[in-house]
Amino acid sequence: QVQLVESGGGLVQAGGSLRLSCAASGRTFSNYAMGWFRQAPGTEREFLARISRSGSNTAYADSVKGRFTISRDNAKNTVYLQINSLKPEDTAVYYCAADRRGWSSDPGKYDYWGQGTQVTVSS
């Protein structure tokens with residue numbers, strides 16, 4: 001089992017920035033590729049970014065490329081999502097997830113999920 005706890009969400013004005021954190025405990029963190037997703041009310045969970053086990057490879061959804069940056073610190077068992085130039089349409093619950101088999105943009109491929117952190121962007 002891997003336990004994931006997100007933090008860093010909140011209310012921010014459009015144009016601002018946030019850094020979300022996801023702290024992992026349980027199994028060896030570096031054995032898992034990690035991803036960030038978000039879900040707004042009435043929508044499906046949306047892939048945002050993923051990072052390989054070592055952190056050497058990353059990938060992003062086209063919709064967030066250039067504004068979002070995923071990173072990880074395996075010594076701290078933490079993955080981060082830096083979000084810049086926030087827009088009202090970024091309002092959602094943001095989730096991190098762990099994938100023990102590989103790395104994917106399909107939320108169904110992920111094994112463990114955090115409880116989410118709310119990001120609200122005011123115009």
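Computed from a predicted structure; not experimentally measured.
Ring planes of Tyr94 and Phe68: tilted class, angle from 30 to 60°. Relative orientation of the Tyr112 and Tyr32 rings is perpendicular, given thresholds of 30° and 60° on the angle between their planes.
Taking both residues in full, the closest heavy atoms of Tyr60 and Ala49 are given as CD2-CB, 3.5 Å, listed atom of the first, atom of the second, then distance. The minimum heavy-atom distance between Gly8 and Leu18, with the atom names listed, is O-CD2, 3.6 Å. Thr43 and Gln39 make their closest contact through O-NE2, 3.0 Å (heavy atoms, listed as atom of the first residue, atom of the second, distance). Nearest heavy-atom pair across Val79 and Ser71 is CG2-O, 3.1 Å. Contact record, Ser123 with Pro88: CB-CG, 3.9 Å, taken as the closest heavy-atom pair.
Separating the CG atom in Asn31 from the CG atom in Asp99 is a distance of 12.0 Å, to the nearest 0.5 Å. Between the CG atom in Leu48 and the SG atom in Cys96 there is a gap of 11.5 Å [rounded to 0.5 Å]. A distance of 11.5 Å separates CG in Asn77 from CD in Gln3, rounded to the nearest 0.5 Å. In this structure, Thr69 OG1 and Arg67 CZ are separated by 10.5 Å, a value rounded to the nearest 0.5 Å. With rounding to the nearest 0.5 angstrom, the OG atom of Ser30 is 11.5 Å from the CG atom of Asp73.
Note on Leu4: it does not cluster hydrophobically with Phe47, by side-chain heavy-atom contacts below 4.5 Å among ILVMFWY residues. Residues Leu20 and Val12 fall within the same hydrophobic cluster, defined by Ile, Leu, Val, Met, Phe, Trp and Tyr side chains chained together at heavy-atom separations under 4.5 Å.
Using a 4.5 Å heavy-atom threshold, the side chains of Thr91 and Val119 count as separate. Using a 4.5 Å heavy-atom cutoff, the side chains of Ser104 and Arg50 are not in contact. Residues Ile70 and Tyr80 have side chains not in contact (no heavy-atom distance under 4.5 Å, counting atoms from C-beta outward).
Under the 3.5 Å distance criterion, with hydrogens and angles disregarded, a donor-acceptor pair is assigned to the side chains of Ser56 and Ser54. Side-chain atoms of Gln82 and Arg19 include no donor-acceptor pair closer than 3.5 Å. When only modelled atom types and interatomic distance are considered, Asn84 and Ser17 share a side-chain donor-acceptor pair under 3.5 Å.
Within the 6.0 Å centre-distance limit, the rings of Tyr110 and Phe37 are counted as a close aromatic pair.
One finds a salt bridge joining Lys65 and Asp62 here, because a Lys/Arg side-chain nitrogen approaches an Asp/Glu carboxylate oxygen to under 4.0 Å. Checked for salt-bridge contact, Asp111 and Arg100 meet the test: a charged N lies under 4.0 Å from a carboxylate O.
By the 6.0 Å and 45° rule, Arg38 does not stack over the aromatic ring of Tyr95. A cation-pi contact links Arg72 to Phe29, judged by a cut-off of 6.0 Å to the six-membered ring centre and 45° from its axis.
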Please evaluate residues Trp113 and Glu6 with respect to the criterion side chain to side chain contact (heavy atoms under 4.5 Å, CB included), reporting the C-alpha separation (whole Å), side-chain torsions for both, the decisive distance (0.1 Å), and the verdict. CA-CA 10 Å; Trp113 292 83; Glu6 300 95 338; over 6 Å; no
